[in-house]
4 protein chains.
Amino acid sequence: MSDATLSELTALAIKFRDERDWKQFHNPKDMALSLVLESAELLELMQWREGDALQSHLAANRSALQDELADVMFWVLAMANDFGVDLGDAFKQKLLKNAEKYPIDKAKGVSTKYTNL
Amino acid sequence: MSDATLSELTALAIKFRDERDWKQFHNPKDMALSLVLESAELLELMQWREGDALQSHLAANRSALQDELADVMFWVLAMANDFGVDLGDAFKQKLLKNAEKYPIDKAKGVSTKYTNL
Amino acid sequence: MSDATLSELTALAIKFRDERDWKQFHNPKDMALSLVLESAELLELMQWREGDALQSHLAANRSALQDELADVMFWVLAMANDFGVDLGDAFKQKLLKNAEKYPIDKAKGVSTKYTNL
Amino acid sequence: MSDATLSELTALAIKFRDERDWKQFHNPKDMALSLVLESAELLELMQWREGDALQSHLAANRSALQDELADVMFWVLAMANDFGVDLGDAFKQKLLKNAEKYPIDKAKGVSTKYTNL
């Protein structure tokens with residue numbers, strides 16, 4: 001996993017956008033919509049396959065897998081930037097919230113949603 | 001924007017998962033599915049509002065906005081980890097690809113998809 | 001709007017599937033996944049545009065719009081069929097539930113979610 | 001499967017909407033966004049489960065399953081109505097297109113996307 005910082009990647013994303021004068025299109029709704037579309041493209045790689053057949057398919061489509069993860073990342077970084085969210089802090093705070101919703105002794109080894117724990 | 005590194009946040013995500021013995025549930029399809037669900041929750045914050053009304057709504061729901069971004073980030077990091085993808089490198093490589101698909105002189109100021117440029 | 005019945009359209013969908021021996025692939029998760037993917041393709045037609053520009057774009061892409069609606073419909077019908085759900089009855093029952101969640105006197109002219117009414 | 005016609009269900013959906021004066025909110029983008037959100041809620045019912053465990057879960061959540069299918073249907077019908085699309089005709093025409101993209105002799109028993117057939 002990468003030593004890249006969120007601020008470094010965010011700067012690259014914003015530079016890419018500014019060079020193309022695209023900020024004018026990046027309203028919150030279309031950005032979130034774009035995030036969903038890219039997430040769906042990642043999900044499409046998983047369609048109709050399971051287990052070993054899926055793993056083989058992902059290995060054969062490794063470049064697409066990396067690209068789709070990167071496309072999702074782009075929108076997360078751009079949204080965090082535009083909303084002034086410190087994504088690292090937000091992530092750590094959310095993990096703390098999740099740790100309360102899913103205490104280890106109750107959640108260990110079960111996939112039950114916290115509302116049913 | 002945060003100085004947190006991807007490797008630091010990934011380690012936190014995997015620690016959270018391992019403490020709960022949840023890796024057993026994290027097959028590629030359900031992870032990508034979860035990414036889509038979290039992206040959809042972020043999109044839901046944008047539903048039925050535009051412009052200033054949307055900005056006010058997001059300001060009033062700032063905590064939810066941060067949480068949803070963090071939830072999306074969790075799945076991106078977990079997937080990159082499990083697939084052995086260096087997310088920072090993947091991101092930089094994809095930006096280079098996008099720069100070819102959207103050359104500045106053609107793409108500047110227009111939202112046209114590259115297939116129609 | 002069409003006089004076609006749900007049962008007629010469902011029969012066409014299932015015939016199409018059976019001729020290709022595709023039922024073997026249609027497990028619940030991949031069907032719901034496919035529904036999301038087709039819904040996302042419909043949403044993509046709305047990306048980066050608003051108001052008159054969006055209406056013009058949809059008019060220029062009318063065939064794609066019809067096709068995406070049809071693709072979404074395919075999965076709704078196939079899932080209802082495979083789960084043994086009477087979609088017409090389910091629809092009417094859900095409207096009754098929604099009428100309770102959104103009583104006219106409270107919901108009229110406001111887009112507030114029922115949990116906040 | 002139901003003998004309900006699309007026109008009958010559409011009329012119910014539009015009546016529900018008009019009683020609440022909600023057409024003002026139903027622009028194309030938010031409608032498509034809502035369709036994606038409802039599709040995602042249906043997909044969420046499939047999360048973290050496979051095979052028999054998933055079937056049992058769906059049986060235990062049959063009411064939710066029916067409701068989510070109905071919610072998806074609502075947006076398909078409302079969009080078709082607002083765009084002036086005859087959904088029954090669109091569906092039949094799309095099946096014909098799909099029959100060309102997936103000829104029986106090539107597509108039988110394989111889940112390959114038409115672009116790779």
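Letters A, B, ... are given to chains in the order of the sequence lines, protein chains preceding strands, and every chain is numbered from 1.
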### Atom group of B:Gln55 that falls short of 4.5 Å from chain A, counting heavy atoms
side chain
### Proximal component of B:Phe25, with respect to chain A [non-hydrogen, under 4.5 Å]
side chain
### Query
Between atom CG of B:Asp105 and atom CD of A:Glu19, what is the distance when rounded to the nearest 0.5 Å?
12.0 Å
### Query
So what's closer than 4.5 Å to chain A heavy atoms on B:Leu33: side chain, backbone, both or neither?
both
### Query
Is it the side chain or the backbone of B:Val76 that comes within 4.5 Å of chain A heavy atoms, both, or neither?
both
### Query
Are the side chains of A:Met79 and B:Leu42 in touch, meaning some heavy atoms are under 4.5 Å apart?
yes
### Query
Any idea which heavy atoms bring B:Leu58 and A:Pro28 closest together, and the distance?
CD1-CB, 3.8 Å
### Query
Are the side chains of A:Leu6 and B:Met73 in touch, meaning some heavy atoms are under 4.5 Å apart?
yes
### Message
Any donor-acceptor pair under 3.5 Å linking the side-chain atoms of B:Ser7 with those of A:Asp3?
### Response
yes
### Query
Checking heavy atoms, do the side chain of B:Ala13, its backbone, both or neither come under 4.5 Å from chain A?
both
### Message
Is B:Lys106 in contact with chain A via its backbone, its side chain, both, or neither, using a 4.5 Å heavy-atom distance?
### Response
neither
### Query
Any sub-3.5 Å donor-acceptor pair from A:Arg49's side-chain atoms to B:Lys29's backbone N or O?
no
### Task
Taking the side chain as every heavy atom from C-beta outward, state whether B:Asp67 and A:Gln93 have any pair of such atoms under 4.5 Å apart.
no
